[in-house]
Protein chains: 2
Amino acid sequence: MKVHSSDPHGIEPDALLSDLGEKVLIRRIAGWLPPVRTGSGVQVGLGDDCAVVNAPDPTVEQLLLKADAVVEGVHFTETAEPERVGWKAAGRVLSDFAAMGGRPGWLTVTLTLRKETSVDWIERLYRGMRSLAERHPFEIVGGETVCTSGPTAISIAGVGLVAPARLTLRSGAQPGDCLCVTGGLGGSILGRHLEFEPRLREAEILTREFKPTAMIDISDGLARDAIHMGEASGVGMELWGEAIPVSPAADELARGSGRPALEHALFDGEDFELLVALPEGLWQAAGARLKAACGTDLTMVGRCLGPGAEFALRRGSVCLPLVDAGWDHFRSGRPTGERLG
Amino acid sequence: MKVHSSDPHGIEPDALLSDLGEKVLIRRIAGWLPPVRTGSGVQVGLGDDCAVVNAPDPTVEQLLLKADAVVEGVHFTETAEPERVGWKAAGRVLSDFAAMGGRPGWLTVTLTLRKETSVDWIERLYRGMRSLAERHPFEIVGGETVCTSGPTAISIAGVGLVAPARLTLRSGAQPGDCLCVTGGLGGSILGRHLEFEPRLREAEILTREFKPTAMIDISDGLARDAIHMGEASGVGMELWGEAIPVSPAADELARGSGRPALEHALFDGEDFELLVALPEGLWQAAGARLKAACGTDLTMVGRCLGPGAEFALRRGSVCLPLVDAGWDHFRSGRPTGERLG
């Protein structure tokens with residue numbers, strides 16, 4: 001490869017990973033990360049056998065641990081902008097922290113890459129994670145790169161922090177609780193799955209001021225995640241078809257797919273909104289508060305039923321059993337990648 | 001698929017991942033994990049958006065964060081026993097905790113699997129991690145499974161704990177320090193890379209009783225990791241060829257490869273021994289202590305030089321420059337998998 005003397009690293013902008021090697025790549029990555037923030041608790045970041053961070057006061061905060069991966073052909077296509085892929089990869093983990101009532105702390109990033117990956121693609125991937133960190137502060141403190149002949153994957157492991165009084169599990173929903181969702185649902189495949197806003201601020205307000213009994217982030221589709229919450233809590237649930245906030249993207253998708261928009265809102269994955277169980281009488285105040293503070297809608301979409309009850313979808317006078325019809329990586333007969341398009 | 005009525009899960013022993021689906025797999029994994037130990041600090045393990053663990057007292061311990069992956073064809077072959085693959089995947093992270101003077105806390109496991117993977121293979125993988133946890137206690141608190149068309153990969157993210165007084169970076173080596181290694185080096189490809197013992201007990205004794213100035217785990221080969229430590233510490237180093245403890249496996253490999261056994265001991269990867277910089281006058285007492293307590297040899301293999309000095313290999317009266325000739329995932333022209341023979 002010809003080396004331009006204008007580049008201090010001696011690497012052309014269109015260089016491939018195979019031109020750099022792992023050691024140089026890791027140095028480059030260190031340069032793409034923002035300086036460590038004051039108060040972030042990072043004592044040692046990249047460069048040693050492990051990162052070292054200061055544990056929080058255990059009487060003030062507990063630790064949240066989460067690992068999550070996005071894979072080319074499943075969670076993003078080859079043509080997706082790498083900034084958005086980076087945003088999504090880290091954003092999914094932040095969405096999980098939000099669903100527990102917590103905040104992000106420190107992330108490690110494992111990149112599974114082909115040799116032919118361009119260095120520019122990797123830099124743009126990190127730029128996306130950095131943009132997210134500017135909105136919802138966290139530190140990238142480590143990670144590694146491994147070589148693959150298969151699809152590119154970005155695996156993020158995160159440590160979050162949560163005050164014990166704020167910790168909200170998916171298993172606490174009570175009969176009679178109102179079921180509410182943030183934002184609009186469905187059709188995220190048209191773009192929002194790559195640029196969603198993790199609902200950290202909304203979760204902070206809800207857990208501080210309204211004490212939800214349960215929360216979960218909607219990643220497998222409202223129907224499936226409602227069932228996850230209901231099963232964990234030991235309660236039945238009914239969702240109200242007419243009340244479910246169908247996103248404009250779900251409407252647009254419905255025009256092409258020939259399926260009702262409501263079906264997209266119920267079953268499409270990767271909304272990354274919150275499903276929240278609130279004690280009766282709180283949801284209107286909570287909704288007004290979220291709208292004023294974050295501009296985010298909170299919509300009541302159903303109610304928790306008693307322990308013996310089923311999962312049901314009510315539309316007018318018709319009541320249908322709600323089925324766990326979400327997408328399955330391993331069972332689906334659909335070829336990899338079809339999920340996105 | 002025919003279902004035997006004798007299996008309470010309705011899954012045959014030779015079932016494939018595609019027979020189970022993700023949800024059932026996750027339930028099965030939960031069943032393969034040992035019960036959470038008392039005092040492990042786990043409040044919520046598998047099953048919610050995140051795991052929840054109790055942070056340590058920050059005046060007593062800091063957190064170590066590490067992510068690491070093993071990939072089929074690079075770190076293990078298709079025919080490797082899955083128990084050993086599981087042991088290795090988690091053991092690599094434990095080896096990094098040892099190199100910082102710490103101990104393991106909680107791990108998450110991300111499995112990147114093909115649909116045709118047998119359920120039995122996955123169960124045996126977890127059995128290997130469980131064996132390791134019986135020797136060096138840690139808890140598996142989460143993870144996920146993703147589908148790939150490429151090679152199988154196991155990515156582990158771990159949180160470890162370290163007392164500030166024990167924390168040992170790779171950057172603290174001083175001119176005049178003795179360089180010591182645990183165990184024997186080279187030839188781990190013949191088997192030990194799948195069944196090494198993370199040097200947690202050795203590191204505990206060394207950091208408590210002998211205060212090393214620097215430690216690193218030897219994963220890229222002694223030569224390369226010595227350079228990593230020297231560069232991080234800003235010191236030169238000389239290694240003494242005659243003193244380096246060549247493992248029996250390196251001798252065996254040398255008989256087949258036609259290369260000197262010392263070359264294998266210097267440059268082969270995945271020893272997972274410790275390279276330790278100790279202030280002068282301590283290594284003999286430290287060696288006797290490790291031998292008595294753990295049965296592990298500690299051998300002085302060289303010395304740290306002044307800040308301007310180079311990295312050198314001394315053999316008798318000959319002194320050669322030591323080169324960073326370790327293996328590179330991305331630059332190597334060798335096809336994936338050749339690393340393991």
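Note that the coordinates shown come from a computational prediction; the quantities given were computed from them, not determined experimentally. So that the names make sense, note that chain A is the first sequence line, chain B the second, and so on, each numbered from 1.
Contacts of Q43(B) with chain A are made by side-chain atoms alone, with heavy-atom separations under 4.5 Å and no backbone atom involved. With a 4.5 Å cut-off on non-hydrogen atoms, V159(A) touches chain B through its side chain but not through its backbone. Proximity to chain A involves both the backbone and the side chain of A69(B), based on heavy atoms less than 4.5 angstrom apart. Heavy atoms closer than 4.5 Å to chain A are found nowhere in E116(B), neither backbone nor side chain. Residue contact with chain B, scored on non-hydrogen atoms closer than 4.5 Å, is absent for M229(A).
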Exercise. Given side chain to side chain contact (heavy atoms under 4.5 Å, CB included), test L167(B) with V52(A) step by step and report yes or no.
Key: CA-CA 9 Å; L167(B) 178 64; V52(A) 185; 3.8 Å; yes
Exercise. Decide side chain to side chain contact (heavy atoms under 4.5 Å, CB included) for E144(A) and D68(B); before the verdict, give the C-alpha distance in whole Å, the side-chain angles of both, and the deciding distance to 0.1 Å.
Key: CA-CA 7 Å; E144(A) 68 157 353; D68(B) 191 80; 3.7 Å; yes
Exercise. Show your reasoning for whether side chain to side chain contact (heavy atoms under 4.5 Å, CB included) applies to T110(B) and T110(A).
Key: CA-CA 11 Å; T110(B) 300; T110(A) 300; over 6 Å; no
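Among G150(B), G41(B), C50(B), P151(B), the residue with the largest count of heavy-atom pairs under 4.5 Å with chain A is C50(B). Interface check for chain A: of the options V71(B), T108(B), V141(B), L169(B), the most heavy-atom pairs under 4.5 Å are formed by L169(B). Heavy-atom pairs under 4.5 Å with chain B were tallied for G143(A), S171(A), G142(A), S155(A); the largest tally goes to S155(A). Between chain A and the residues G47(B), A98(B), S95(B), the largest count of heavy-atom pairs under 4.5 Å involves G47(B). The most heavy-atom pairs under 4.5 Å with chain A, out of V162(B), D217(B), D48(B), come from D48(B). Of the listed residues T112(B), L64(B), V70(B), the one with more heavy-atom pairs under 4.5 angstrom with chain A than any other is L64(B). Heavy-atom pairs under 4.5 Å with chain B peak, among R170(A), K66(A), Q62(A), M215(A), at R170(A).
Across all non-hydrogen atoms, the minimal contact from A157(A) to A157(B) is CB-CB, 3.1 Å. Across all their heavy atoms, P58(B) and A55(A) have their closest contact at CB-O, 3.2 Å.
If you take CG on D49(B) and CG on L274(A), they are separated by 8.5 Å, rounding to the nearest 0.5 Å.
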